[in-house]
Amino acid sequence: MVKGTEYEERGSIGFVSLIATVAAVGGLLFGYDTAVISGAIRFIQLKFTLGNFMVGWAVACLIIGATIGTGFAGKISDLYGRKKALILAAILFTLGSVFSGLATNFTWFVIARIIGGLGIGISSVQSPLYIAEIAPAKIRGRLVSLNQLAVVTGIFAVYFLDLGIASRGNLVWNVSTGWRWMLGFGVLPGVLFFILLLLVPESPRWLQLKGREQEAFNILKRIHGESQAQIELKTIKPSSNNGYGLLKQLFKPGLRHALLIGVVLAVLQQVTGINAIMYYAPEIFKHTGAGQNSSLVETVWVGIINLIFTIVSLWLIDKLGRKFLLLAGTAMMTISLLVIGYAFHAGTAGSWVLIFILLYVASFAVSMGPIVWLVIAEIFPNRVRGTASSIASVALWLADYVVSQTFPVLLNSVGVALTFWIFGILSAFAFFFTLKAVPETKGKSLEEIEHMWSRS
Ligand code: BGC
């Protein structure tokens, strides 16, 4: 690391990128834990002789844990700090991985998954929030979106991990042992996250909220350099002086608008269908007539496209802005979903469905995927950020739960075509909502964003 006057004057992008990368490991755990079950579930079903409903519960209990964890995350982080909240997430995730891998009965398994889910919920909201609070405004979009990059990397990597483990033995071995490795392997990223977190500083904005000005200044100096740190501190200070965390402040006119944007975007990220694809892709591809093997290959394509276009988004987000990408992305999502619905309705060839599903995933990956988490982390004022971002994220996880529970039911009742048309109409709504209600926050400091609400 550069030392001496030059470093003190300029601060270090390298330093801030490094701590953002550490926080983004939380995203890796998020991706890992939501996706690992897809490869393990059929073995777990045989192991514990589960009926259809219990299979659904084995998958969904993590989401319930995450919803609860998210709900507590804001309070914990406002009281004890962003860093401690993330450390707690790492511990819960690690415990969840150990105990689910060792489970000898289904109740034990479910409790362990809920514990892991608590950790996922906390890190899903705290990692982006922590990064937003340390990042310089001009690269904040990119740094916060590192978290989404880690989520999709986790989803992608764990798919191969599951495949790799499953291929090491026969069905009997997989039912007795294979799935335990799949879940238990999460200990490694969990412990890694824990250790790395011990090395990163606390958020300067939280320290200032707690009146620890000198510590806040020292960290700002390492990020921005001495003179810029003084300016930053001056802008952070007034926004920290009004007390914080008060729920009723959130319902005052200006902030009510911010809360509405956070919650509606959070719900829209889920009800436009991404996890119907993420969790059920092989199932959907089978509806197009694809065999077991080709539907798995097509699922790998979904992962690759998700990864590539999340990187594209990182590159564009601080150049083109949040609003432009959201508009372009939701427009393309709408078109793709309507075409997919039509293709199923008309019984057209499977390759069309694949092409438009990939287009849909690419459009999600440049827009709703990273940007919704970014908006939740950056639109709320310092003093209510913990609580408000928790509320929006609870809404997101609940919507995730509803979609993943109802998707199989929708497929078998209203059918595939109508289900995709419903997602398409909701995407069109997301487009118009963004157009009317979402402000551009590119390049603005968190305190400048805060001022927008006092004017509205
Ligand atoms: C969403 C997850 C989703 C993932 C897919 C995230 O932004 O919150 O629900 O599975 O993106 O890439």
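Counting starts at 1 for both ligands and their atoms, following the listed order. Note that this is a predicted model, so its numbers are computed, not measured.
Atom OG in Ser389 sits 12.0 Å away from atom CD in Glu378 (nearest 0.5 Å).
Relative ring orientation between Phe420 and Phe407 is described as perpendicular, the plane-to-plane angle rising above 60° on a 0-90° scale split at 30° and 60°.
For the side chain to side chain donor-acceptor pair (under 3.5 Å) test, residues two or more places apart in sequence or in another chain that qualify with Asp400 are Asn275, Tyr279. In this structure, the side-chain contact (heavy atoms from CB on, under 4.5 Å) partners of Ala331, at least two apart in sequence or on a different chain, are Phe431. With sequence neighbours left out, the side-chain contact (heavy atoms from CB on, under 4.5 Å) criterion links Ser393 to Thr70, Val125, Trp373, Ile376.
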Note down each nitrogen or oxygen pair, ligand 1 side and protein side, whose separation is under 3.5 Å; give only atom names and the distance to 0.1 Å.
from, atom 1, to, atom 2, distance (Å)
ligand 1, 7 (O), Gln148, OE1, 2.8
ligand 1, 7 (O), Gln148, NE2, 3.2
ligand 1, 7 (O), Gln269, NE2, 2.9
ligand 1, 7 (O), Gly369, O, 3.4
ligand 1, 7 (O), Trp373, NE1, 3.1
ligand 1, 8 (O), Gln269, OE1, 2.9
ligand 1, 8 (O), Trp373, NE1, 3.1
ligand 1, 9 (O), Gln270, NE2, 3.0
ligand 1, 9 (O), Asn275, ND2, 2.8
ligand 1, 10 (O), Asn275, OD1, 2.6
ligand 1, 11 (O), Gln148, NE2, 3.1
ligand 1, 12 (O), Asn306, ND2, 3.0

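In the model, Glu447 has a side-chain atom that pairs as donor or acceptor with a side-chain atom of Asn382 under 3.5 Å.
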